[in-house]
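Right, one structure below, let's go through it.
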2 protein chains.
Amino acid sequence: MRIDPDGLRAPYLQLADALRARIEAGEIPPGRKVPSQTELEEESGLSRNTVKKALDVLKNEGLLVTAPGRGLFVVERRDIEPA
Amino acid sequence: MRIDPDGLRAPYLQLADALRARIEAGEIPPGRKVPSQTELEEESGLSRNTVKKALDVLKNEGLLVTAPGRGLFVVERRDIEPA
DNA sequence: CGGGATTTGTACGTATGTATG
DNA sequence: CCATACATACGTACAAATCCC
């Protein structure tokens, strides 16, 4: 999960991109639980807040949904369609 | 800008609601500069991050755009239509 | 062009609340 | 009751863009 803190693109966007790629590549199946925020923190070396910010992007895109106390889930595939 | 920190609705959502109402009521004309984040902090009594989170909601709704170094602007009215 | 003031963007650390199991 | 996991909020620091003198 290489994140370059000095890259042109902000780290939270790099993380969002990386996760989006993994989801769209089918690496993380729909309806499946995704690595927890804590795991993503460790994988990426970013802070909790920054990880959440990346997840916010993907939630806004409709790719992910979060369930308090349960985890992070990939939304059923319905291609690209915003709210 | 009464925000109830103990309300059922999270403060950042209360602020987003309040701003949305002011925009949709035409109180803040399109293309006009909106109170700065610092001003919104003072008006609402919320922290910078929380104000920004409220603004993120409205930006995602397409109601606002931000311009670094310049400020916050109400988007030209094109009714409700996401990306 | 320099430099300060203003304003938004990004990031971290921390504390607390809520939901689930 | 406890552990895990996400949600909200505050404070802080620094970067980048813009504006104005």
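Below, read A as the first sequence line, B as the second, and so on, with proteins coming before strands; counting in each chain starts at 1.
At whole-Å resolution of the value, CG in Leu64(A) and C1' in dA7(D) are 16 Å apart. Distance CG (Leu40(A)) to C1' (dA5(D)): 12 Å, rounded to an integer number of Å. When the C1' atom of dT8(D) is taken as reference, atom CG of Asp56(A) falls 11 Å away, rounded to whole Å. In this structure, Leu72(A) places its CG atom 14 Å from C1' of dT4(D), rounding to the nearest Å. One atom, CG of Leu8(A), and another, P of dT10(C), lie 13 Å apart when rounded to the nearest Å. When the P atom of dC12(C) is taken as reference, atom OH of Tyr12(A) falls 13 Å away, rounded to whole Å. When rounded to the nearest whole Å, the span between CG of Leu15(B) and C1' of dT8(D) equals 14 Å. Atom CG in Asn60(A) sits roughly 12 Å away from atom P in dA7(D) (whole-Å rounding).
Using a distance-only test at 3.5 Å, with no hydrogens or angles considered, a donor-acceptor pair links the side chain of Gln14(B) to the main chain of Arg9(B).
When each of Ala67(B) and Ser47(A) is assigned the nucleotide of DNA chain C with its nearest heavy atom, Ala67(B) is the one assigned upstream, toward the 5' end. Both Val51(B) and Glu39(A) lie close to DNA chain D; mapped to their nearest nucleotides by heavy-atom distance, the more 5′-ward contact belongs to Glu39(A). Sequence order on DNA chain C of the closest nucleotides to Arg48(B) and Arg48(A) puts Arg48(B) first from the 5' end.
Among the nucleotides dT8(C), dT10(C), dC6(D), the one closest to any side-chain atom of Pro68(A) is dC6(D). Distance from the side chain of Leu46(B) is smallest for dC10(D) among the nucleotides dC10(D), dT8(C), dC6(D). Closest to the side chain of Lys52(B), from the set dG11(D), dT8(C), dA7(D), is dT8(C). Distance from the side chain of Thr50(B) is smallest for dC10(D) among the nucleotides dA7(D), dA13(D), dC10(D). Closest to the side chain of Asn49(B), from the set dA7(D), dA5(D), dG11(D), is dG11(D). Among the nucleotides dG9(C), dG21(C), dC19(D), the one closest to any side-chain atom of Arg70(A) is dG21(C). The side chain of Lys53(A) lies closest to dT10(C), out of dT10(C), dA7(D), dC12(C). Closest to the side chain of Ser36(B), from the set dT10(C), dG9(C), dT7(C), is dT7(C).
OP1 or OP2 of dG9(C) sits under 4.0 Å from a side-chain N or O of Thr66(B). Here Gln37(A) reaches the OP1 or OP2 of dA7(D): one of its side-chain N or O atoms lies under 4.0 Å away.
Distance CG/Asn49(A) to CD/Glu41(A): 9.0 Å, rounded to 0.5 Å. Rounding to the nearest 0.5 Å places CG of Leu13(B) at 11.0 Å from OG1 of Thr50(B). Taking CE of Met1(B) as the start and CZ of Arg22(B) as the end, the distance is 4.5 Å to the nearest 0.5 Å. To the nearest 0.5 Å, the span separating CG on Leu64(B) from CG on Leu19(B) amounts to 7.0 Å.
Salt bridge annotation for Asp56(A)-Lys53(A): absent, with no cationic side-chain nitrogen under 4.0 angstrom from a carboxylate oxygen.
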